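What follows is one structure encoded as structure tokens, with my remarks underneath.
These figures come from a predicted structure and were not determined experimentally. Each chain gets a letter, A, B and so on, in the order the sequences are listed, and its residues count up from 1.
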There are 2 protein chains.
Amino acid sequence: MNEQDFLAAYDPHAYPAVAVTVDVVALTIRDGALHLLLIRRGEQPHAGLWALPGGFVRPDEDLVTAARRELAEETGLAGEPLRRVHVEQLASYGAPDRDPRMRIVSIAHLAFAPDLPDATAGTDADEAAWVAVAELTNRQLAFDHGQIVADGLERARSKLEYTPLATRFLAPEFTIGELRAVYETVWGHQLHAGNFHRKVLSVPGFVESTGASTERGGTRGGPRARLYRAGDARLLHPALLRPALLRPAREETVR
Amino acid sequence: MNEQDFLAAYDPHAYPAVAVTVDVVALTIRDGALHLLLIRRGEQPHAGLWALPGGFVRPDEDLVTAARRELAEETGLAGEPLRRVHVEQLASYGAPDRDPRMRIVSIAHLAFAPDLPDATAGTDADEAAWVAVAELTNRQLAFDHGQIVADGLERARSKLEYTPLATRFLAPEFTIGELRAVYETVWGHQLHAGNFHRKVLSVPGFVESTGASTERGGTRGGPRARLYRAGDARLLHPALLRPALLRPAREETVR
DNA sequence: GCAATAGTGTCTATTAGACAATATTTG
DNA sequence: CAAATATTGTCTAATAGACACTATTGC
């Protein structure tokens, strides 16, 4: 049998029924705090619980395309603002009993977005909202989404060390102080302003100067700051390592 | 409708037909060279081409369990030797046209194994063999397995920097020289013996002394070396960073 | 003026890495 | 003994981080 005959005779339904979804851990910074996009489930199972935005992968869609589509549906983003959001694959979750309906394998994604307007509920959800990560400890999330969020947060903290992705939380032009605020927010730890400033400028390709400065100083005083944009480096070398205190004992749990 | 009624009425076949497989990038070191486990496909599509071991995820199996099962089938490993193999999730690959049969999403895994006996072909394969990674540049692999292998190799090189997983390529007791040979093989670069030795012993929890030494010196002379076993650290801090020359310009491509 | 912030200078401890030296073992 | 290897010593450059200082701006 040659390959063409084989394909013509092939029956896709001969294989076990598994559904594939994407879920998105979308992070942004609002009012100086790290926020996560959640939806309140409008349907069973787990109706009424908060969950990650996500849904089934459509037939002609790439995985990351599906994740971007789900994100767009819940945030109302499109065009250039959507393109500015960084989306990457996080990990896949496929424990047999993670969803009571059937075997569902979810490819989780991680997204970094600049400060966005309020979320707008999509079709599957009663409600969509940016929730402060600090308030998540109380809340029970649907399915295994608590674990996915934990893995996403650890990945985000780690990504800030060795990639320039912190800039994705900011507008195209930003000050070093704003960049430092991103690190402090995601890592949950104050950094030394002077050392951070020098370190960022010393890493090749992290940021490049626009030549301009802010129009005004800070709201509580201080000089005008120079403006920078993201440079062309994709990896930071040397990296901005987290203080030893903030380092996990082991890596994220991935299933 | 409550959750129980909902589940009773639920029809799994209402969702798009997608199959989920696992593939395994299994690495080992043989004769001082990095080797990869490949099978020659016995069935269409891509019959006759070399491919990664892998297959459909069974209904009650976790993803990593499925990967270990596929690995066991092709290597003939079981019990303690199989437990000594490190398996972790690598990434998922789900481009709509990556398999001509139907939509297949593959959860790729990465495995580190000590030197293993020759592979034994499983049911789906004509042949299974450990192939030197250096010889892969010529060979065309089935599906998108070339990309998966490239991502796996980059992940392996990176993992050696910040985890103690290099020890998984070795027997339970090993010398610092053997550990250095793992790094040199995976990174493809000679390291300075003296500096490496001191560095490994200075990282807390990387290795611990057994108190014993080898029975004999090296085949070409030299003193007996002290024996070590893996320590309890799960992450190395400070890390053993690759020389800047060996660093990629960007991260692995993950789809 | 006062407080806050940007940006720079300086010093110390840690680490990476080059290079050297010594001891031990095989053939 | 010659060559190879393990292990330790020493020195230099790079980096992280503590701390201090000056300049500029909002209120």
Show me, pair by pair, the donor-acceptor contacts under 3.5 angstrom made by side chains of residues 194-205 of chain A, not counting sequence neighbours?
from      : atom 1 : to        : atom 2 : distance (Å)
Asn195(A) : OD1    : Arg198(A) : NH2    : 3.1
Lys199(A) : NZ     : Ala239(A) : O      : 3.3
Ser202(A) : OG     : Lys199(A) : O      : 2.8

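- Residue-level contact check: Arg242(A) touches neither bases nor backbone, having no heavy atom under 4.0 Å from any strand.
- In this structure, Leu82(B) and Arg68(B) approach most closely via the heavy-atom pair O-NH2, 2.8 Å.
- When each of Asp144(A), Asp151(A), Asp23(A) is checked for a side chain to side chain donor-acceptor pair (under 3.5 Å) with Tyr93(A), only Asp151(A) meets the rule.
- Smallest separation of non-hydrogen atoms from His145(A) and Leu52(A): ND1-N, 3.0 Å.
- Between Gly218(B) and Leu241(B), it is Leu241(B) whose nearest contact on DNA chain C lies nearer the 5' terminus.
- DNA chain D lies under 4.0 Å from at least one heavy atom of each of the following residues of residues 165-178 of chain B: Gly177(B).
- The two atoms that bring Arg224(B) and Glu215(B) nearest to each other are NE-O, 3.1 Å, heavy atoms only.
- Across all non-hydrogen atoms, the minimal contact from Leu165(B) to Lys159(B) is CD1-CD, 3.9 Å.
- Around the CD atom of Glu80(B), the shell of radius 6.0 Å holds more than 12 heavy atoms that belong to other residues, nucleotides or ligands.
- Summarising the geometry, the separation between CD on Glu161(A) and P on dA16(D) is reported as 12 Å, rounded to the nearest angstrom.
- Whole-Å rounding puts the Leu191(A) CG to dA16(D) C1' distance at 12 Å.
- Gly222(A) comes within 4.0 angstrom of a base, heavy atoms only.
- Atom CG in Leu227(B) sits roughly 12 Å away from atom C1' in dA6(D) (whole-Å rounding).
- Pairing each heavy atom of Tyr228(A) with each of Ile176(A), the nearest pair is CE1-CG1, 3.6 Å.
- Residue His189(A) contributes atom NE2, which lies 16 Å from atom P of dA16(D) at whole-angstrom precision.
- For Arg180(A), the salt bridge (Lys or Arg N to Asp or Glu O under 4.0 Å) test picks out Glu184(A), with sequence neighbours left out.
- The salt bridge (Lys or Arg N to Asp or Glu O under 4.0 Å) search around Arg157(A) returns Glu154(A), not counting sequence neighbours.
- Across all strands shown, Gly194(A) has heavy atoms under 4.0 Å from base atoms, whether or not it also approaches the sugar-phosphate.
- Close approach of DNA chain C to chain B, defined as any atom under 4.0 Å from a non-hydrogen atom of the protein, starts and stops at dT15(C) to dG27(C).
- Between the P atom of dG26(D) and the CZ atom of Arg224(A) lies a distance of 6 Å, rounded to the nearest Å.
- The minimum heavy-atom distance between Leu63(A) and Gly94(B), with the atom names listed, is CD1-N, 3.6 Å.
- In this structure, Gln190(A) atom CD and dG17(D) atom P are separated by 15 Å, rounded to whole Å.
- At least one side-chain nitrogen or oxygen of Arg226(B) sits closer than 4.0 Å to the OP1 or OP2 atom of dT8(D).
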Any N/O pairs under 3.5 Å between the protein and nucleotides 10-15 of chain D? List them or say none.
from    : atom 1 : to        : atom 2 : distance (Å)
dT10(D) : O4     : Arg198(B) : NH1    : 3.0

